[in-house]
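Only one structure is covered here, and it is reproduced in the block below.
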Amino acid sequence: MVASHDVVLVGGGGAGLRAAIAIAEANPRLSVAVVSKVYPMRSHTVSAEGGAAGVIRADDSLDEHCYDTISGGDWLSDQDAVEAFVKEAPEELLRLEHWGCPWSREPDGRIGVRPFGGMKKMRTWYAADKTGFHMLHALFQTSLKYRAVARYDEWFVTKLLVDDGRVQGVVAIELRSGRIQPILAKATILCTGGCGRVFPFTTNATIKTGDGMALAYRAGAPLKDMEFMQYHPTGLPFTGILITEAARAEGGWLLNKDGYRYLQDYDLGKPTPKPVLRSMELGPRDRLSQVFVKEMEKGRTIDTPYGPVVNLDLRHLGERVINTKLPFVRELCLKYQNIDPIKEMIPVRPVVHYMMGGVHTDIHGATPLPGLYAAGEVACVSINGANRLGSNSLPELLVFGARAGRAAAEYASSQKEPGPAVVAQAEDERRRLVHDLLQRTDGRERIATVRDAMQKTMEESAGIYRSGPGLAKAADRLGELEEQARRIGLDDHSRTFNTELVTALELQFMVEVARTMVGSALKREESRGAHQRIDFPKRDDQRFLAHSLCRRAADGSCRIEYLPVTITRWPPGERVYGR
Amino acid sequence: MSTERNRYTEFRPRWYRPKMSTWWWLKRWSSLAFILRELSSIFIAWFIYFFLRLVHALGRGDAAYREFLAWAASPGIVVLNGITFAFVLFHAVTWFNLAPQAMVVHLGGKRLPGALIAGANYAAWVVATALVLWIVSR
Amino acid sequence: MMARRSIEPLVWILFSVGGVVAAMFVPVLLFLFGFAYPLGWLASPSHAHLVAVVGHPLVRVLLFFLCTLCLLHAAHRFRYTLYDGLQLQHLQELILLVSYGGAFVGSVAAGVLLWQFG
Amino acid sequence: MVDRITVEVARYRPEKEAEPSFQAYEVPCRKDWVILDGLNHIKDHLDGTLSYRWSCRMGVCGSCGMTVNGEPKLTCATFLADYAPGPLRVEPLRNFPIIRDVIVDIDDFMQKLSAVKPWLIRDAEKPLAEGEYRQTPAQLDEYKQFSMCINCMLCYSACPVYGLDPEFIGPAAIALAQRYNLDSRDQGARQRDEVLSKHEGIWSCTFVGECTKVCPKHVDPAGAIQRYKLSSAMGSVKDFLMPWRGK
Ligand SMILES: Cc1cc2nc3c(=O)[nH]c(=O)nc-3n(C[C@H](O)[C@H](O)[C@H](O)COP(=O)(O)OP(=O)(O)OC[C@H]3O[C@@H](n4cnc5c(N)ncnc54)[C@H](O)[C@@H]3O)c2cc1C
Ligand code: SF4
Ligand code: F3S
Ligand code: FES
């Protein structure tokens with residue numbers, strides 16, 4: 001069987017659904033398919049808590065949002081992209097309001113905004129502390145209204161079909177039947193989200209395995225800025241469940257084991273009882289996570305069975321603020337940590353959270369590979385530079401999801417139908433999956449073993465602080481692990497909903513992505529944003545005011561090139577917080 | 001139809017469709033409580049029958065009324081009424097407790113808390129009971 | 001709005017009102033006439049008094065409603081209990097006849113009794 | 001020494017079995033392990049053939065609902081230790097066709113969800129340039145609760161009426177319809193009523209109330225349904241008394 005559409009979207013999260021609606025609205029005659037390995041409303045956008053930034057207040061300006069984003073990204077953001085993003089974000093958030101998203105409100109019925117880390121003004125729209133959940137459900141439910149949108153729920157994409165220099169669809173497994181088949185398209189948009197699962201300790205859901213990055217990379221598209229992985233300063237110790245930055249924005253304090261607001265020792269401002277924007281607890285995530293490590297080295301963190309922690313203190317906010325603005329934080333703490341933030345402090349530690357890098361795209365979401373587009377966390381436009389500001393990702397999904405959708409729709413309208421060559425390719429892929437994995441009986445390696453080894457390697461070498469020798473060692477180790485991942489032996493040889501097969505494929509994707517991260521990190525001999533090299537502790541604009549582009553060589557290793565950063569109006573400067 | 005359809009063939013999976021057992025409501029305490037609540041209907045019907053017999057007896061004179069009271073005091077009827085009473089109370093309590101879920105009352109732009117609505121129901125119950133007591137035994 | 005015209009909302013209203021009436025009045029009446037008076041816990045009211053009470057036209061109307069609504073309430077619930085508890089949907093016609101038919105007969109009996117009272 | 005607990009998991013492999021059976025595994029019973037951690041332990045170390053759904057492991061994506069010792073639960077939000085010393089039975093959600101092991105088919109719900117038009121319906125869309133629809137916090141509170149549904153299907157699994165009559169639209173879909181009906185920005189109540197006021201809509205529900213009891217997000221679908229019954233019934237009384245009204 002062969003399915004065929006005008007545009008195929010891989011991923012039904014915030015970016016994918018926004019793109020689908022954009023296409024349906026741009027040209028209702030186009031047939032759109034949303035292929036997703038989980039039901040769209042299960043996508044990880046559902047977990048986003050804190051909010052989505054967009055300028056609406058009179059005391060705020062687009063330029064200020066641009067500046068916060070660019071300085072937050074340590075000047076690695078492309079400024080034309082940031083300007084477009086900042087301009088369109090409020091419109092997109094408003095559109096979502098018109099689609100029913102239950103934004104939290106001011107008493108007079110206007111949209112409410114809250115402060116957020118690294119932002120100089122209050123501009124983060126929020127739906128209590130379940131912003132992503134409400135956005136995703138509003139998008140999903142709205143998408144149901146468009147007949148042109150076909151859904152392939154619980155289909156897992158394994159490969160992009162490339163012929164004649166352009167991407168012409170995907171190969172996917174229908175999980176419930178086990179059937180492997182091509183879904184052809186004139187344009188393909190990747191919206192597969194991030195890759196936090198390459199690390200052992202992450203806020204990311206189990207589905208965030210970097211599939212889209214690996215798919216694009218294998219198909220020949222470059223990955224950009226893969227060395228920039230964001231640690232969020234406040235995750236719950238055992239589970240890695242995120243305690244949103246909104247907790248600090250509402251006035252929460254970070255305390256070390258002596259009950260001291262230690263951020264004041266690290267040039268992040270002076271402690272004040274009320275939160276001050278771009279200061280102390282409202283500093284950017286990269287800095288806060290780095291400071292945690294420093295604090296740990298000084299022996300001022302608290303030891304627990306799940307590693308060192310500090311305390312996040314919300315008690316002084318009072319029951320009412322916590323219940324109205326942070327109810328989910330309270331629910332999560334009660335459930336998973338057995339503590340009540342109204343009465344107790346929350347133990348937290350930095351946790352892998354967000355991939356700044358991703359598939360290289362232009363400002364319209366187009367990758368260098370014709371017919372291939374990308375949007376959302378999988379893509380790198382780049383607005384996030386070396387460190388994303390909290391609450392910039394959700395609006396990014398909308399702005400660039402819509403842009404990629406419109407661009408793909410236009411491209412698809414001018415293309416001819418995919419040819420028979422890709423159908424033959426799909427058949428090869430099917431054979432590979434069946435023979436090399438599904439029916440293979442001589443496989444030696446267990447998925448969990450390889451995965452644990454990969455995660456350990458990444459944590460040790462590519463964590464908050466990195467070093468040349470550590471990364472080099474990791475690169476070798478990952479090479480071995482890639483070999484092992486290819487020799488996986490499955491227990492399960494059946495067709496119907498074979499989740500073990502999916503996990504094996506995800507592992508192969510993850511190892512691929514991990515190699516690009518380590519490869520890019522090794523080459524960047526400077527410290528910038530989330531990428532901190534102990535052997536090169538300074539930012540080096542001479543050599544590295546540039547995006548890394550990672551291409552896959554024939555032997556599976558990655559080749560790194562650099563692409564200059566687009567600077568429009570904000571020349572590189574010092575990142576100043578709390579002053 | 002034929003067993004052919006129930007057999008697995010590649011890519012044409014067969015889902016297993018469990019059938020709900022007739023005794024599903026015995027498996028969980030809460031479903032049993034539900035069925036008991038629903039069974040209160042039989043006892044309410046019985047009460048109406050009982051009550052109409054009272055009315056009938058009243059209509060036929062003092063002797064018939066006394067006869068009715070004697071009948072009502074016979075052990076079988078007392079036991080039956082005892083069970084009925086338990087069921088009727090169960091009905092009343094569940095009914096009042098669920099009232100807030102079906103009814104949302106606004107007062108001055110604010111939504112009244114559920115406990116208040118249930119409370120109002122119980123208060124009405126007390127009043128109704130007192131009223132009947134007063135009328136009957138005056 | 002044809003859908004609105006279906007009989008279900010009306011049946012449901014009667015069921016609900018019946019539920020309220022049953023909850024409000026049945027416990028006390030049953031307590032008095034099922035236990036307190038027959039078993040002598042309380043001195044039973046005189047025949048004359050009760051006849052006077054029941055004989056009042058307003059009371060007769062109210063009692064008629066009490067009986068009808070309670071019976072309808074019971075019939076409705078009983079019907080669904082048979083559907084859900086015993087999975088007898090296939091006997092739908094029979095169940096409808098027995099439950100609502102029973103309630104109808106009971107209501108007519110109540111009507112006749114109360115009409116002729118006194 | 002960690003305690004151990006026996007987990008009996010329902011297995012069903014349509015390719016070789018005609019009906020489900022149980023398979024027992026012994027897993028560590030750690031204090032902070034949820035049931036899902038136990039299943040992951042099985043999958044990683046004991047038996048890779050066990051299949052189940054999960055994703056966020058923080059109780060918000062709605063993937064991981066299963067029947068645990070007879071009760072529908074989110075397995076990522078239910079602790080193993082609460083069932084010590086075991087054994088513990090993990091089965092698929094009730095009232096759905098079983099695809100494999102503990103994975104059920106929820107297509108039926110997905111269709112019903114679409115049928116109740118869960119999106120904002122306006123007579124005339126307000127242009128973006130005119131800004132947001134004003135909505136006070138009190139108006140938001142009117143429907144907020146019903147917007148919290150994560151589509152986890154625990155309520156469908158608990159509702160006997162749905163089990164007996166799969167035509168029943170069911171608790172979550174009706175709650176989501178109410179979520180829009182009660183939204184001050186929405187004008188689509190009449191359109192949704194066509195589906196809701198059918199027999200398979202609200203009238204099938206006999207107020208068992210289990211849906212609300214098992215809902216992990218306090219959505220109260222039972223309340224949504226009864227409230228709709230009340231307003232629909234009032235509406236039909238009004239229609240009856242004033243036939244010229246409406247339309
Ligand atoms: C806990 C948490 C809290 C966050 N809070 C905030 C916040 O407050 N503000 C903010 O701005 N950002 C926040 N973020 C970041 C933000 O939520 C994510 O970056 C964003 O949701 C990613 O959305 P997406 O659409 O790109 O991908 P996702 O929502 O992750 O969706 C990916 C989609 O791709 C599909 N997919 C993936 N691989 C395949 C495949 N091989 N085949 C088929 N389908 C596939 C998946 O099924 C899924 O539908 C948070 C992130 C986390 C983890
Ligand atoms: S109403 Fe509650 S139980 Fe039902 S699907 Fe929604 S969240 Fe789950
Ligand atoms: S359990 Fe079912 S019967 Fe109604 S109240 Fe809930 S939907
Ligand atoms: S895994 Fe997401 S709700 Fe349990």
Please classify the contact between [X] and chain C as side chain, backbone, both or neither, with a heavy-atom cut-off of under 4.5 Å.
| X | value |
| --- | --- |
| B/Trp125 | both |
| B/Tyr49 | neither |
| B/Trp71 | neither |
| B/Ile135 | both |

| Does a sphere of radius 6.0 Å around OH in C/Tyr100 hold more than 12 heavy atoms from other residues, nucleotides or ligands, not counting ones at 6.0 Å or beyond? |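 Yes.
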Counting only heavy atoms from other residues, nucleotides and ligands, does the tally under 6.0 Å from CZ of C/Phe78 exceed 12?
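No, not enclosed.
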Do [X] and [Y] come within less than 4.5 Å of each other through their side chains, counting heavy atoms only?
| X | Y | answer |
| --- | --- | --- |
| C/Gln116 | B/His56 | no |
| C/Phe15 | B/Ser41 | no |
| B/Tyr65 | C/Ser44 | yes |
| B/Glu38 | C/Arg79 | no |
| C/Val53 | B/Val136 | no |

How long is the straight-line distance from [atom2] of [Y] back to [atom1] of [X], given to the nearest 0.5 Å?
| X | Y | atom1 | atom2 | value |
| --- | --- | --- | --- | --- |
| B/Phe34 | C/Thr81 | CZ | OG1 | 6.5 Å |
| B/Ile48 | C/Leu66 | CD1 | CG | 5.0 Å |
| B/Arg66 | C/His47 | CZ | NE2 | 9.0 Å |
| C/Ser16 | B/Met103 | OG | CE | 9.5 Å |

- Item | Max heavy-atom pair count under 4.5 Å with chain B, selected residue of C/His73, C/Arg77, C/His76 |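 Highest number of heavy-atom pairs under 4.5 Å: C/Arg77.
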(Q) So which residue, C/Val59, C/Leu50, C/Leu63, C/Leu39, ends up with the most heavy-atom pairs under 4.5 Å with chain B? (A)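 Answer, by heavy-atom pair count under 4.5 Å with chain B: C/Leu50.
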### For the student: nearest non-hydrogen atoms of C/Gln87 and B/Met20, plus distance
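Distance-wise, the nearest heavy atoms are NE2-O, 3.1 Å.
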Exercise for the section: Measure across C/Leu86 and B/Thr22 and return the closest heavy-atom pair with its distance rounded to 0.1 Å. Expected result: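 Shortest heavy-atom contact: O-CG2, 4.0 Å.
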Quick check on the interface: out of B/Ile35, B/Leu58, B/Leu131, B/Asn121, who has the most heavy-atom pairs with chain C under 4.5 Å?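 Heavy-atom pair counts peak at B/Leu58.
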Which of the residues B/Val93, B/Ile44, B/Leu54, B/Asp62 is involved in the greatest number of heavy-atom pairs with chain C at under 4.5 angstrom?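 When all of B/Val93, B/Ile44, B/Leu54, B/Asp62 are compared, B/Asp62 has the most.
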* Contacting moiety of C/Leu30, where chain B heavy atoms sit under 4.5 Å ->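 Answer is both: backbone and side chain atoms of C/Leu30 are under 4.5 Å from chain B.
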- Quick one: do C/His49 and B/Ser137 satisfy side-chain contact (heavy atoms from CB on, under 4.5 Å)? Show the steps, please. CA-CA 9 Å; C/His49 172 65; B/Ser137 56; over 6 Å; no
Intermediate values then yes/no, side-chain contact (heavy atoms from CB on, under 4.5 Å), C/Asp84 and B/Trp25: CA-CA 9 Å; C/Asp84 298 347; B/Trp25 41 274; over 6 Å; no
Exercise. Which word best sums up how the rings of B/Phe51 and C/Phe33 line up, parallel for under 30°, tilted for 30 to 60°, or perpendicular for over 60°?
Worked result: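 Taking C/Phe33 first and then B/Phe51, their aromatic rings stand perpendicular (interplane angle over 60°).
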Quick one: which residues of residues 18-27 of chain C reach chain B at under 4.5 angstrom, heavy atoms only?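 When heavy atoms of chain B are the reference, residues 18-27 of chain C contributes C/Gly19, C/Val20, C/Ala22, C/Ala23, C/Met24, C/Phe25, C/Val26, C/Pro27 within the under-4.5 Å range.
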Side-chain donor/acceptor pairs under 3.5 Å, residues 79-86 of chain B, sequence neighbours excluded:
{"residue": "B/Asn81", "atom": "OD1", "partner": "B/Trp46", "partner atom": "NE1", "Å": "2.9"}
{"residue": "B/Thr84", "atom": "OG1", "partner": "B/Leu80", "partner atom": "O", "Å": "2.7"}

